[in-house]
Trainee: 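One structure, as structure tokens, below. Some questions next.
In what follows, residues are counted from 1 in the order of the sequence shown. We use all heavy atoms of the structure for the numbers below, so side chains are in, but hydrogens, waters and symmetry mates are not.
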Amino acid sequence: MKSSCVLLTALVALAAYYVYIPLPSSVSDPWKLMLLDATFRGAQQVSHLIHSLGLSHHLIALNFIIVSFGKKSAWSSAQVNVTDTDFDGVEVRVFEASPKPQELLRRSVVYIHGGGWALASAKIKYYDELCTAMAEELNAVIVSIEYRLVPNVYFPEQIHDVVRATKYFLQPEVLQKYKVDPDRIGISGDSAGGNLAAALGQQFAQDANLRNKLKLQALIYPVLQALDFNTPSYQQNVNTPILPRYVMVKYWLDYFKGNHDFVQAMIVNNHTSLDAEEAVAPRARLDWTSLLPASITKNYQPVMQTKGNARIVQEIPQLLDARSSPLIADQEVLLHLPKTYILTCEHDVLRDDGVMYAKRLESAGVEVTLDHFEDGFHGCMIFTSWPTNFSVGIRTRDSYIKWLDRNL
């Protein structure tokens, strides 16, 4: 009996050690966040074990775990009709609010889910619930795109998928089928999905035939650049769940089919050092000392290496491509973008990507709403139902939908 108690105590202590990580007091529901982060870390470790045994790629294994525990069929209700179909060969899940007699046409949002270009799905519980809520509260048609993921495809195939599906949806006959008002269509996405939405918006802005097809874009804690992994938010949140800095760098390398041996070099900005001639112009467009307010820059110092690793950009030129890093796009491209909403979270390495993009868009004359949450963390907006219900998740979702309601 005594030995059993000692063993139980040891196991509880071990579990507490694994779960506990120091968090700022201002973050929403800290113990719940620790448990969520521990669960995700555990799934990552299992996926790497599967990979080491040669059974599957670690990202495929990890996504299998995520989807297995959260997949939801296309279930309709009296308020929202949900169907799975494809748009020009790209899988989509469509959420249609029940038509109202006084509204012949409905507004619409094309939504792109997050997951580091490699994880999650339009068909998992979190995104199904979000899009259902959007459709019902906005009386709208929501098109959630099931784009292909790493490692089945790599950059820029994910962009091609979302562009192809969106162009198909914008055809007059398709909009008529879904009873959508062609003047009230927006694009949106979170995290890597926000990256793809921003890339899609910029591509449309450069096409005279598509330039005015989108009324707005709404980007939720978007990842927008891969040149500087030492912005104040990267330095402040280097180990903050659910997206520590080293994990974000690995997602970028996986997106480009790059070598993980470059992770440590990229963390200290060796890929965009002063001797990297290719990076001079892009780097100038994200000078955070001028783009960020003093309330953010505080005492943080830029990390700029005099001499770096030239191999990185030579082997992965995609790092400097504006399609992957919309924050470094030319000013002429930004001029034509629609009204924009950007949601950022204090406890997120990507906070400053969103703040800098808002500043660049404002400088280009775009109307921007920057919605910042001091207790928010990366990914929080999709965590709104038990057992992963966070106060800030509900507040961010409500704020986001309220903005869409007012502006779409």
Side-chain angles (χ1 to χ4, degrees), residues 36 39-40 43 60 62-101 103 105-115 118-149 161-162 165-166 168-169 174-181 185-193 196-197 218 220 379-390 393-398 400-402 404-405 408:
L36 178 64
T39 301
F40 188 56
I60 292 177
L62 180 57
N63 205 38
F64 177 80
I65 295 170
I66 292 170
V67 172
S68 295
F69 281 96
K71 191 169 185 179
K72 188 174 180 182
S73 59
W75 183 81
S76 300
S77 66
Q79 293 75 34
V80 179
N81 183 54
V82 184
T83 54
D84 289 334
T85 184
D86 73 89
F87 286 177
D88 193 18
V90 180
E91 291 183 42
V92 296
R93 175 164 287 188
V94 182
F95 302 78
E96 300 175 74
S98 299
K100 294 184 178 180
E103 290 188 351
L105 296 176
R106 295 168 292 189
R107 49 195 171 176
S108 181
V109 177
V110 175
Y111 195 86
I112 308 167
H113 72 80
L119 305 173
S121 165
K123 300 175 182 179
I124 62 171
K125 167 181 175 284
Y126 299 111
Y127 289 109
D128 185 275
E129 289 179 351
L130 171 62
C131 292
T132 296
M134 291 167 64
E136 185 172 353
E137 294 182 38
L138 297 171
N139 188 40
V141 175
I142 311 300
V143 176
S144 188
I145 301 178
E146 183 80 336
Y147 57 92
R148 291 170 296 164
L149 302 173
D161 282 0
V162 300
T166 304
Y168 179 90
F169 180 60
V174 179
L175 295 179
Q176 185 177 17
K177 172 185 175 182
Y178 288 101
K179 296 182 174 60
V180 168
D181 185 339
I185 300 170
I187 55 169
S188 185
D190 65 297
S191 191
L196 295 172
I220 313 302
C380 63
M381 196 181 78
I382 63 172
F383 298 122
T384 58
S385 61
W386 190 89
T388 53
N389 52 318
F390 287 80
I394 295 167
R395 284 183 280 111
T396 49
R397 184 194 65 182
D398 290 350
Y400 163 64
I401 293 177
K402 184 181 290 185
L404 289 173
D405 192 30
L408 185 58

Trainee: Closest heavy-atom contact between E146 and S121?
Mentor: OE2-OG, 2.7 Å

Trainee: How many angstroms lie between atom NZ of K177 and atom CZ of F169, to the nearest 0.5 angstrom?
Mentor: 10.5 Å

Trainee: What is the distance from atom CG of N139 to atom CD of E96, rounded to the nearest 0.5 Å?
Mentor: 11.5 Å

Trainee: Would you check if V141 and V94 make a side-chain contact, meaning some heavy-atom pair closer than 4.5 Å?
Mentor: yes

Trainee: Quick one: does S76's side chain have a donor or acceptor within less than 3.5 Å of a partner on V82's backbone?
Mentor: yes

Trainee: For the side-chain contact (heavy atoms from CB on, under 4.5 Å) test, which of L119, V67, I382 pairs with I124?
Mentor: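 With I124 as partner, L119, V67, I382 yield a single side-chain contact (heavy atoms from CB on, under 4.5 Å), made by V67.
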
Trainee: Can you tell me how far the NZ atom of K125 sits from the CG atom of L130, to the nearest 0.5 Å?
Mentor: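 Separation between the atoms: 11.5 Å.
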
Trainee: If you round to the nearest 0.5 Å, how far is CD1 of I145 from OH of Y147?
Mentor: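 Here the rounded value is 9.5 Å.
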
Trainee: Is it true that R107 and D405 have a side-chain N and a carboxylate O under 4.0 angstrom from each other?
Mentor: yes

Trainee: Check whether any side-chain heavy atom of C380 sits under 4.5 Å from a side-chain heavy atom of F390, and report yes or no.
Mentor: no

Trainee: Check whether any side-chain N or O of R106 sits under 3.5 Å from a backbone N or O of Y178 as a donor-acceptor pair, and report yes or no.
Mentor: yes

Trainee: Testing the basics here: between L408 and G186, what is the closest heavy-atom pair and its distance to 0.1 Å?
Mentor: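 Looks like CD1-N, 3.8 Å.
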
Trainee: Just verifying a value: how many Å separate D161 CG and L149 CG, rounded to the nearest 0.5 Å?
Mentor: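 These two atoms lie 9.0 Å from each other.
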
Trainee: Is a side-chain donor-acceptor pair under 3.5 Å present for E129 with T384?
Mentor: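 Their side chains do not contain a donor-acceptor pair, so the 3.5 Å distance test is not met.
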
Trainee: Within a reach of under 6.0 Å around CZ of F69, are more than 12 heavy atoms found that belong to other residues, nucleotides or ligands?
Mentor: no

Trainee: Starting at OH of Y127, measure out to OH of Y111 and round the result to the nearest 0.5 Å.
Mentor: 5.5 Å

Trainee: Quick one: does T388's side chain have a donor or acceptor within less than 3.5 Å of a partner on F383's backbone?
Mentor: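 Not a single qualifying donor-acceptor pair exists.
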
Trainee: Check whether any side-chain heavy atom of M134 sits under 4.5 Å from a side-chain heavy atom of I401, and report yes or no.
Mentor: yes

Trainee: Would the number of heavy atoms belonging to other residues, nucleotides or ligands and lying under 6.0 Å from CD of Q176 be above 12?
Mentor: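 Open.
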
Trainee: Is any side-chain heavy atom of F87 closer than 4.5 Å to a side-chain heavy atom of T166?
Mentor: no

Trainee: Between the side chains of Y168 and D86, does any donor sit under 3.5 Å from an acceptor?
Mentor: no

Trainee: Can you see which heavy atom on A218 is nearest to which on S188, and at what distance?
Mentor: O-OG, 2.7 Å

Trainee: What's the shortest heavy-atom distance between A197 and G189, and which atoms?
Mentor: CB-N, 4.1 Å

Trainee: Does any non-hydrogen side-chain atom of I187 lie less than 4.5 Å from one of V162?
Mentor: no

Trainee: Does G114 offer a backbone N or O that forms a donor-acceptor pair with the side chain of D190 under 3.5 Å?
Mentor: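 Yes; at least one donor-acceptor contact below 3.5 Å.
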
Trainee: When you measure from the side chain of S98 to the backbone N and O of Q79, does any donor-acceptor pair fall under 3.5 Å?
Mentor: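 Yes, because the side chain of S98 sits within donor-acceptor range (under 3.5 Å) of the backbone of Q79.
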
